[in-house]
Protein chains: 2
Amino acid sequence: MSRDPDSGLQRIILDTARQLLTTVGYAQLSMRKIANKIGYSATSIYLYYGNKDELVHALIDEGVDLLYEELKAANEKSKDPLERLRDMCVAYIRFGLDRPEYYEIMYVLHPEYITRYPAEKYRKARRNLEMMASAITDGVIGGKFESTDPVLSANMAWAQLHGGVTLLSSERVDKRFSEDTLIRASCSQIIRSLLVNPKSVEV
Amino acid sequence: MSRDPDSGLQRIILDTARQLLTTVGYAQLSMRKIANKIGYSATSIYLYYGNKDELVHALIDEGVDLLYEELKAANEKSKDPLERLRDMCVAYIRFGLDRPEYYEIMYVLHPEYITRYPAEKYRKARRNLEMMASAITDGVIGGKFESTDPVLSANMAWAQLHGGVTLLSSERVDKRFSEDTLIRASCSQIIRSLLVNPKSVEV
DNA sequence: CAAAATGATTAACACCGTTAAGTTAGTTGA
DNA sequence: TCAACTAACTTAACGGTGTTAATCATTTTG
């Protein structure tokens, strides 16, 4: 399984899987559908991916990179830790709402699934959280933020963001509030919880 | 479908479905397994539940009631809005972690699923959030809390709690932090975001 | 040239939700 | 009493799923 990454068919499989994922969603993504679409038999996929897990893990990988790029761009837009954090929060939620299929396989799918996710890839996924943690740390150093444990704070921020994304995109949240209202509220909630002087709520 | 709720077999089906849900989890819950366990054919279930959705919705219903009882108990333990809210937050997270299968079908499962969830049941599910909102409102009236929109604040709190539950129970969260640490941090995060005077962080 | 490796296939297994048709037993009404 | 009807349940089947084993060409290598 998983031989030369560029051996033609493997790339085609991954491309088709990605396309199906983003069009019909994970629930409708099947080995047979991928195979049909490219004119191969379903079992051919198993020559390049040991099982469906491996294939989805490859897609998760892409999602992690995609999110990383978004977060990095947000993080580099400004020098101010507060703005960096705020922009990253917005970028995170936007990613979750704009690419729900990626978000689903990355962060929503069954725990069983993620258990089998290789440890090395785990580390890459953690970069994203670390980037937020370092913005918080910078804010603390700069005296604008207050946090006894920036990593814990980053995890709390993540929980807030993740909860927001999932409740929003599953339409479980109160429809009286617009998407924009909820995004703003989430971000200012996170920022305010870190500010030394929360009176300045110009988020 | 869904005739007399107490027509014997219907109850047995629901009981067995619940038992399978809590033992093997939703992913392993199938019509055929339920049927096998009670010695009937799978199609017999369709005499009492139109499809798997209906059956799962009945289970979701139970979960909603279960959570409601927990939240109500927490809400009635004290008169102080802050304590009420704090206890409800803890109760919510505990429910999510102690009954992950219920929590999954209630709040994690595919959006498609919840779309088909009947509107009347939706209302019942909303009671839970309203109870938190009213504790916040009481806190605002009492002058301890600050919130321009208690319902929005309740939704933010919910997002934080939901994010915490899902990240924790899917073990996506940093393992350096104990479950207890994360629960405490989530709750104090929520409370602090509402306090007029956040200096008193004795949560 | 024969042997081995490569890349793909077909057939099959064991599941899944669901539908249609059939069976069996019990009740009702003329 | 006996035919008609109804309720409760079953079997068979459809189309779908992930996955494995066996097979068949084709190409590469010794």
Side-chain angles (χ1 to χ4, degrees), chain A residues 1-18 20-21 23-60 101 104-105 109-117, chain B residues 1-18 20-21 23-60 101 104-105 109-117:
Chain A
M1 302 102 231
S2 142
R3 44 192 80 172
D4 179 15
D6 272 327
S7 77
L9 190 47
Q10 179 163 30
R11 174 151 297 258
I12 293 171
I13 291 169
L14 191 59
D15 288 349
T16 309
R18 184 191 319 112
L20 278 173
L21 179 72
T23 51
V24 304
Y26 172 77
Q28 303 299 323
L29 177 68
S30 83
M31 303 300 256
R32 283 176 163 91
K33 277 185 189 149
I34 296 169
N36 275 344
K37 194 144 197 166
I38 60 179
Y40 282 82
S41 72
T43 50
S44 284
I45 301 178
Y46 288 85
L47 298 171
Y48 302 92
Y49 295 95
N51 48 40
K52 199 186 176 185
D53 266 27
E54 271 190 27
L55 180 52
V56 173
H57 284 161
L59 291 170
I60 291 178
E101 306 81 15
E104 183 185 9
I105 61 174
L109 272 196
H110 241 92
E112 299 160 18
Y113 229 90
I114 212 71
T115 311
R116 300 181 229 121
Y117 194 62
Chain B
M1 356 258 125
S2 138
R3 42 191 81 174
D4 179 15
D6 274 327
S7 77
L9 188 49
Q10 179 162 30
R11 175 150 295 257
I12 292 172
I13 291 169
L14 192 60
D15 288 349
T16 309
R18 184 191 319 113
L20 277 173
L21 178 73
T23 52
V24 303
Y26 172 78
Q28 305 298 324
L29 177 68
S30 84
M31 303 299 257
R32 283 176 160 92
K33 275 184 191 150
I34 297 169
N36 274 344
K37 195 144 197 168
I38 59 179
Y40 282 82
S41 74
T43 50
S44 285
I45 300 178
Y46 288 85
L47 299 170
Y48 303 92
Y49 295 96
N51 48 40
K52 199 186 177 186
D53 266 27
E54 272 189 26
L55 180 52
V56 173
H57 284 160
L59 291 171
I60 291 178
E101 304 81 15
E104 184 186 7
I105 61 173
L109 271 198
H110 244 90
E112 301 161 17
Y113 227 92
I114 211 70
T115 312
R116 300 181 228 122
Y117 194 63

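As the structure is a prediction and not an experimental result, all values here were calculated from the model.
In this structure the side chain of A:Leu14 never reaches within 4.5 angstrom of the side chain of A:Tyr48, judged on heavy atoms. Between B:Leu109 and B:Ile60, every side-chain heavy-atom pair lies at or beyond the 4.5 Å cut-off.
We find that OH of A:Tyr48 is positioned 18 Å from C1' of D:dT19, with the value rounded to whole Å. For A:Asn36 and D:dG15, the CG to P distance is 15 Å, given to the nearest whole Å. Rounded to whole Å, the distance from OH on A:Tyr49 to P on D:dT19 is 14 Å. To the nearest angstrom, C1' of D:dT10 lies 12 Å from OH of B:Tyr40. B:Gln10 has its CD atom 15 Å from the C1' atom of D:dA7, to the nearest Å. Rounded to a whole Å, the CG atom of A:Leu47 is 14 Å from the P atom of D:dT19.
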The test is side-chain contact (heavy atoms from CB on, under 4.5 Å); show your working for B:Tyr46 and B:Met31 and say whether it passes. CA-CA 9 Å; B:Tyr46 288 85; B:Met31 303 299 257; 3.7 Å; yes

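Shown here are the side chain to side chain contact (heavy atoms under 4.5 Å, CB included) partners of A:Ile38, two or more places apart in sequence or in another chain: A:Leu9, A:Ile12, A:Ile13, A:Thr16, A:Tyr40. With sequence neighbours excluded, no residue satisfies side chain to side chain contact (heavy atoms under 4.5 Å, CB included) with A:Asn36. With sequence neighbours excluded, the residues that form a side chain to side chain contact (heavy atoms under 4.5 Å, CB included) with A:Ser41 are A:Thr43, A:Ser44.
With the end axes of the helix from C:dC1-D:dG30 to C:dA30-D:dT1 each set by five pairs, the angle from one to the other reads 30° at 10° resolution.
Applying the 4.0 Å criterion to OP1 and OP2 of D:dC9, one finds that B:Ser44 has every side-chain N and O outside that range.
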Taking protein heavy atoms under 4.0 Å as touching, what does nucleotides 16-23 of chain C look like 5' to 3' if B marks base contact, S marks sugar-phosphate-only contact and - marks none? BBBBB---

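A donor-acceptor distance shorter than 3.5 angstrom exists from the side chain of A:Asn51 to the backbone of A:Glu54, with no hydrogens or angles considered.
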Name each donor-acceptor pair under 3.5 Å that joins a side chain in residues 23-30 of chain B to protein atoms two or more places apart or in another chain, with its distance.
from: B:Thr23; atom 1: OG1; to: B:Gln19; atom 2: O; distance (Å): 2.7
from: B:Thr23; atom 1: OG1; to: B:Leu20; atom 2: O; distance (Å): 3.3
from: B:Tyr26; atom 1: OH; to: B:Tyr113; atom 2: OH; distance (Å): 3.3
from: B:Gln28; atom 1: OE1; to: B:Lys33; atom 2: NZ; distance (Å): 3.4
from: B:Ser30; atom 1: OG; to: B:Arg32; atom 2: N; distance (Å): 3.4
from: B:Ser30; atom 1: OG; to: B:Lys33; atom 2: N; distance (Å): 3.0

